[in-house]
Amino acid sequence: MANIHVTLPGGKALEVRSGLKIQELASSQGVNSNIIAAKVDGVAVDLDRALSQDCSLNWIPMNSPEGLDILRHSTAHLMAQAVQSLFPGTQVTIGPTIEDGFYYDFKRDKSFTPEEIEKIKSRMRDLAALNLKVIREEMARESAIQLFRRLGEEYKVAILQEIPEEQVSLYRQGDWVDLCRGPHVPSTGVIRAFELTGVAGAYWRGNEENEMLQRIYGTSWATEEALREHLTLLEEAKKRDHRRLGRELDLFSFHPLAPASPFFHPKGAFVYNQLISYMRDLYGRYGYQEVVTPQIFDVELWRRSGHYDHFRENMYFTRVEEREFGVKPMNCPGHTFIYASKKRSYRDLPLRYADFGRLHRFEKSGVTAGLTRVRSFSQDDAHIFCAPDQIGAEMASLLKMLRVVYQTFQFSEMQVRLSTRPEHFLGSLEVWQRAEESLAQSLKSEGIDYQVNPGDGAFYGPKIDFVVLDALRRGWQLATIQLDFSMPERFDLTYVTPAGTEARPVMIHRAILGSIERFMGILIEHCAGALPLWLAPVQVRVMTVTDQQKEYAQSVFEELGAGGWRVELDGRNEKLGYKIREAQVEKIPYAVVIGDREVKDQTISPRRRGGESLKPMAVRELVEVLKAEVVQALGENR
RNA sequence: GCCACCCUAGCUCAGUCGGUAGAGCAACUGAUUCGUAAUCAGUAGGUCGCCGGUUCGAAUCCGGCGGGUGGCUCCA
């Protein structure tokens with residue numbers, strides 16, 4: 001038998017007989033038992049694979065990202081095997097891995113009850129305990145189709161019929177078989193630390209028109225400890241869920257009679273308005289002008305803007321005096337009226353109209369969520385009307401502003417997506433190309449990494465979206481920048497060029513925070529409710545040790561208040577520890593303690609939210625500390 | 001909108017087999033004058049989401065509706 005040359009990790013070369021299984025090689029090399037697959041010339045394969053030619057070999061340990069991916073995929077198989085053994089007649093469809101876990105979609109008339117999930121889990125444990133060998137098998141596509149047809153697996157047949165390859169691979173464990181590319185763990189025994197985390201309905205192939213399948217979510221880890229850690233992390237994430245914090249910190253609430261529409265309580269409203277005023281300050285420096293526009297327009301406007309055709313499902317309508325009106329879901333059409341209210345010159349451009357107007361969008365009942373998806377909200381919205389050759393400069397300025405904002409809020413992790421021309425589009429290819437290039441160019445020159453989302457642009461122009469993750473790692477779009485050549489056309493907007501001819505301006509739709517509601521929700525989670533000093537509804541709480549210090553505490557309270565600080569006085573007859581705890585739970589940035597010592601020395605003892613006690617100081621010294629903290633956070637903004 | 005689950009005091013949650021509801025925290029009252037995350041005692045608080053059905057009797061079983069949660073689809 002011929003020999004082949006295998007290069008091991010670290011460069012060690014080995015001559016072995018052809019046909020040697022990787023598993024055997026591993027044993028002979030004394031590689032630790034923690035590996036669950038290998039890479040041959042960079043391609044992940046099963047340990048059961050036989051080596052047939054010269055190659056380089058790398059091990060995939062269970063605890064590596066690739067190893068975990070394989071483990072999870074195998075866990076999905078284990079689950080499917082358990083499900084089919086418990087519930088004959090249930091068909092398998094697809095079962096991919098996802099971040100930290102996996103799911104498998106089943107076709108079954110009934111959905112899975114919590115009790116059934118328990119049964120599935122314990123059957124999985126039984127099957128794992130049998131340590132069934134996981135065997136790869138290759139066969140012609142046609143034979144596979146016949147096999148799955150015989151098994152009554154219509155979905156697998158459908159999948160197979162769309163696979164281009166003539167040769168497909170199957171994986172068997174015990175009497176169970178699934179179509180799969182692999183690789184997989186060598187045997188079910190290595191699957192130990194898993195949990196089934198949820199059930200949900202999901203449409204076949206993600207299409208609403210298709211039948212609904214039963215999806216089971218799960219997670220799987222290399223060790224019990226890692227699994228527990230993961231589950232603990234999920235629990236922790238729930239604690240920073242903005243819906244919980246919003247109630248606990250008395251920021252906002254909801255009422256069944258106004259579903260998906262937040263009520264901002266005094267403290268929440270303060271934060272809300274503070275966010276707006278932060279943006280207003282920036283507007284002053286970036287050449288924006290704020291406008292105020294109507295809430296309700298004759299549907300004629302929405303017909304002209306295209307919303308009536310493309311956005312009607314998401315709009316609220318009202319009929320009075322035989323006239324139909326639509327409540328605005330966006331500000332843009334209103335802004336075109338201000339633009340068109342007089343003759344515009346190239347000298348006027350760019351015009352930047354900002355609008356914090358309230359928007360209403362009807363969202364289907366199943367899609368709303370806390371502050372992140374609501375039916376009533378406002379945006380830090382603006383529309384920039386400019387000449388086509390001004391797009392580049394506007395984008396640059398916009399991206400700079402965006403960076404300033406996200407730096408202020410310390411959002412460093414976010415995905416940027418450039419969405420390009422969709423299938424159905426307005427305008428010429430040339431204009432689109434230019435627009436897409438200028439967006440890409442702007443991102444590059446600002447040094448912003450981005451992904452291209454081909455075909456995901458708006459029908460009127462390409463866009464850049466900024467997506468951040470919430471506490472439960474769900475993505476939410478905050479900022480959006482869209483180039484629009486269509487609205488100026490529809491509203492017949494023009495400006496007079498230097499040559500005296502009329503030209504069409506371009507509209508840039510943009511929001512940096514996105515919706516104030518969503519931004520606030522994400523921000524609350526981002527800082528776990530501990531809002532930065534400049535945003536905190538209450539910045540300082542002055543508290544007495546006993547009521548002997550009430551008078552002095554009152555004067556400290558007044559002095560801070562007179563200086564414009566948001567301060568509260570806690571002069572209740574409670575122990576200091578109790579007051580400290582309350583301030584801490586309310587996440588107030590500074591607690592100021594006043595006891596006999598402070599009265600005597602005319603000082604105060606501040607304590608930071610994090611637990612750090614500052615040394616006793618004069619009120620004016622604390623003010624310096626506070627000021628420095630605000631400047632640190634906002635730079636020269638304030 | 002679709003699938004599943006949940007809804008008991010302001011909040012977090014008990015409530016067994018169907019026999020008309022309970023705790024902790026919060027609130028209120030009183031006592032306590034206290035030094036950096038919870039002082040003690042007492043009082044009050046509920047149309048068990050809403051409507052209907054089954055039953056001698058429903059928080060509990062069944063149906064409908066509303067709201068919420070996790071997904072899917074949508075949105076972007």
Side-chain angles (χ1 to χ4, degrees), chain A residues 98 103 105 108-114 116-117 197-217 234 238 241 243-244 247-248 250 253-260 310-311 313-314 329-330 361-370 372-375 417 419 453 456-458 463-467 472 474-482 509 511 514-515 518 541 543-550 571-587 591-598 605-614 616:
Chain A
I98 51 177
Y103 65 79
D105 285 347
R108 185 193 189 215
D109 293 334
K110 289 194 301 177
S111 50
F112 294 100
T113 65
E116 286 171 340
I117 294 295
T197 51
V199 287
Y203 301 106
W204 166 237
R205 292 195 161 136
N207 186 341
E208 204 179 1
E209 309 282 303
N210 290 343
E211 64 271 36
M212 185 157 273
L213 307 172
Q214 305 300 328
R215 175 174 299 180
I216 305 177
Y217 285 93
L234 285 182
K238 278 187 188 158
D241 187 316
R243 290 165 297 196
R244 173 204 273 253
R247 188 180 53 241
E248 288 175 356
D250 198 16
S253 62
F254 290 86
H255 193 279
L257 296 183
H310 298 290
F311 212 70
E313 301 292 290
N314 290 292
M330 296 183 193
R361 294 184 191 172
F362 173 73
E363 301 283 0
K364 290 185 194 168
S365 56
V367 309
T368 59
T372 41
R373 188 90 180 262
V374 292
R375 290 178 177 157
R417 300 196 292 226
S419 300
N453 253 18
D456 210 27
K463 61 196 176 84
I464 303 174
D465 290 330
F466 294 77
V467 175
L472 300 172
R474 293 172 296 202
W476 296 98
Q477 182 191 309
L478 297 181
T480 183
I481 302 173
Q482 310 172 354
H509 307 238
S515 98
R518 175 178 294 178
R541 180 171 287 166
M543 51 191 67
T544 53
V545 175
T546 75
D547 54 16
Q548 301 303 304
Q549 302 93 30
K550 254 182 163 169
R572 290 175 306 168
N573 179 14
E574 294 289 351
K575 293 173 103 168
L576 180 64
Y578 184 79
K579 297 182 184 182
I580 291 279
R581 178 174 191 278
E582 280 204 343
Q584 190 76 23
V585 167
E586 290 173 50
K587 302 185 195 287
V592 160
V593 175
I594 293 177
D596 285 336
R597 292 201 294 271
E598 286 78 13
S605 291
R607 176 192 200 272
R608 287 210 170 98
R609 178 163 55 189
E612 177 197 1
S613 289
L614 307 188

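Convention: sequence-line order gives letters A, B, ...; per-chain numbering from 1. Everything numeric in this text was worked out from a predicted model, so none of it was measured.
- Per the geometry, CD1 belonging to A:I216 stands 15 Å off C1' belonging to B:C72, to the nearest Å.
- Using C1' as the reference atom, B:G1 and B:C61 are 30 Å apart when rounded to the nearest Å.
- Listed by chain and residue number, A:K267, A:R541 satisfy the salt bridge (Lys or Arg N to Asp or Glu O under 4.0 Å) test with A:E586 (two or more places apart in sequence, or in another chain).
- Looking at A:R247, its side chain never comes within 3.5 Å of a backbone N or O of A:D250 through a donor-acceptor pair.
- Only the C1' atoms considered, B:U54 is 25 Å distant from B:G46, to the nearest whole Å.
- Using a 4.5 Å heavy-atom cutoff, the side chains of A:S365 and A:R375 are in contact.
- Comparing B:U60 with B:G24, their P atoms sit 26 Å apart, to the nearest whole Å.
- One interatomic measurement links the two molecules: CZ of A:R243 to P of B:C6, which rounds to 18 Å at whole-angstrom precision.
- Residue-level contact check: A:A260 touches the backbone only, with heavy atoms under 4.0 Å from sugar-phosphate atoms and none from bases.
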Short heteroatom pairs, N/O only, protein and nucleotides 60-65 of chain B, under 3.5 Å:
none

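- Between B:C7 and B:C13, the two P atoms lie 10 Å apart (nearest whole Å).
- Within the nucleic acid shown, A:G370 comes within 4.0 Å of sugar-phosphate atoms alone, with no base atom in reach, counting heavy atoms only.
- Residue A:F112 holds its CZ atom at 6.5 Å from CD1 of A:I117, rounded to the nearest 0.5 Å.
- For A:F466, the side-chain contact (heavy atoms from CB on, under 4.5 Å) partners two or more places apart in sequence, or in a different chain, are A:L399, A:L402, A:Y406, A:M414, A:V416, A:I464, A:A479, A:I481.
- Applying the ring-ring contact (aromatic ring centres under 6.0 Å, His included) rule to A:Y217 yields the partners A:Y103; only residues at least two apart in sequence or on another chain are considered.
- The side chain of A:R474 contributes an N or O atom lying less than 4.0 Å from OP1 or OP2 of B:G71.
- A:G514 comes within 4.0 angstrom of no nucleic acid atom, judged by non-hydrogen atoms across all strands.
- Judged by distance alone, the side chain of A:T113 and the main-chain N or O of A:E116 form a donor-acceptor pair under 3.5 Å.
- Using a distance-only test at 3.5 Å, with no hydrogens or angles considered, no donor-acceptor pair links the side chain of A:E582 to the main chain of A:K579.
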Dot-bracket encoding of pairs in RNA chain B, which uses [ ] for pseudoknotted crossings and | for another strand, Watson-Crick or G-U under 3.5 angstrom: (((((((..((((.....[..)))).(((((.......))))).....(((((..]....))))))))))))....
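- Residue A:D547 is classed as a base contact, given a heavy-atom separation below 4.0 Å to a base.
- The salt bridge (Lys or Arg N to Asp or Glu O under 4.0 Å) check on A:E612 picks up A:R608, with sequence neighbours excluded.
- Comparing B:C5 with B:C65, their P atoms are spaced 15 Å from each other, to the whole Å.
- B:U55 sits 15 Å from B:C17 when the C1' atoms are compared, rounded to a whole Å.
- Atom CG in A:N207 sits roughly 12 Å away from atom C1' in B:C74 (whole-Å rounding).
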Show, in sequence, the C-alpha distance, side-chain angles and deciding distance for A:Q214 and A:K110, and conclude whether the side-chain contact (heavy atoms from CB on, under 4.5 Å) test is met. CA-CA 8 Å; A:Q214 305 300 328; A:K110 289 194 301 177; over 6 Å; no
Please write out the pairs of protein N or O atoms and N or O atoms of nucleotides 11-15 of chain B separated by less than 3.5 Å, giving the distance to one decimal.
{"from": "B:U12", "atom 1": "OP1", "to": "A:R247", "atom 2": "NH2", "distance (Å)": "3.1"}

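- Looking at residues two or more places apart in sequence or on another chain, you find a side chain to side chain donor-acceptor pair (under 3.5 Å) between A:D456 and A:N453.
- In this structure, CG of A:N314 is placed 13 Å from P of B:C74, rounded to the nearest angstrom.
- Taking atom NZ of A:K579 as the reference point, atom P of B:A26 lies 15 Å away to the nearest angstrom.
- Comparing the C1' positions of B:A21 and B:A59 gives a spacing of 8 Å, expressed to the nearest Å.
- Looking only at side-chain heavy atoms (C-beta outward), A:Q549 and A:E598 stay at 4.5 Å or farther from each other.
- Every residue was checked against the side chain to side chain donor-acceptor pair (under 3.5 Å) condition with A:R518, not counting sequence neighbours, and none meets it.
- One donor-acceptor pair, N or O on each side, does fall under 3.5 Å between the base of B:C74 and the side chain of A:R373.
- Other residues, nucleotides and ligands contribute only 12 or fewer heavy atoms inside 6.0 Å of the CD atom of A:E313.
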Restricting to nitrogen or oxygen on both sides, can you table the protein-nucleotides 1-5 of chain B pairs closer than 3.5 Å?
{"from": "B:G1", "atom 1": "OP2", "to": "A:S365", "atom 2": "OG", "distance (Å)": "2.1"}
{"from": "B:G1", "atom 1": "N7", "to": "A:G366", "atom 2": "N", "distance (Å)": "3.2"}
{"from": "B:G1", "atom 1": "N2", "to": "A:Y203", "atom 2": "OH", "distance (Å)": "2.6"}
{"from": "B:C3", "atom 1": "O2", "to": "A:G201", "atom 2": "N", "distance (Å)": "3.2"}

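- Two residues are said to be in side-chain contact when any heavy atoms from C-beta on lie closer than 4.5 Å; A:D596 and A:V545 fail this criterion.
- Taking atom P in both B:C56 and B:G18, the straight-line distance is 15 Å, to the nearest Å.
- Residues forming a salt bridge (Lys or Arg N to Asp or Glu O under 4.0 Å) with A:R205 (at least two apart in sequence, or on another chain): A:E162.
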Indicate for each nucleotide in nucleotides 35-45 of chain B, in 5' to 3' sequence, whether protein heavy atoms under 4.0 Å reach the base (B), only the sugar-phosphate (S), or nothing (-). BBBBB------
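- The interatomic distance linking A:E248 (CD) with B:C25 (C1') rounds to 12 Å, in whole Å.
- Proximity of a side-chain donor or acceptor of A:R215 to a complementary backbone N or O of A:A200 within less than 3.5 Å is not detected.
- When the nearest nucleotides of RNA chain B are assigned to A:Q482 and A:F254 by heavy-atom distance, the more 5′-ward of the two goes with A:F254.
- The main-chain N or O of A:R609 is found under 3.5 Å from a side-chain atom of A:Q584 such that the two form a donor-acceptor pair.
- Separating the CD1 atom of A:I98 from the P atom of B:G70 is a distance of 15 Å, rounded to the nearest angstrom.
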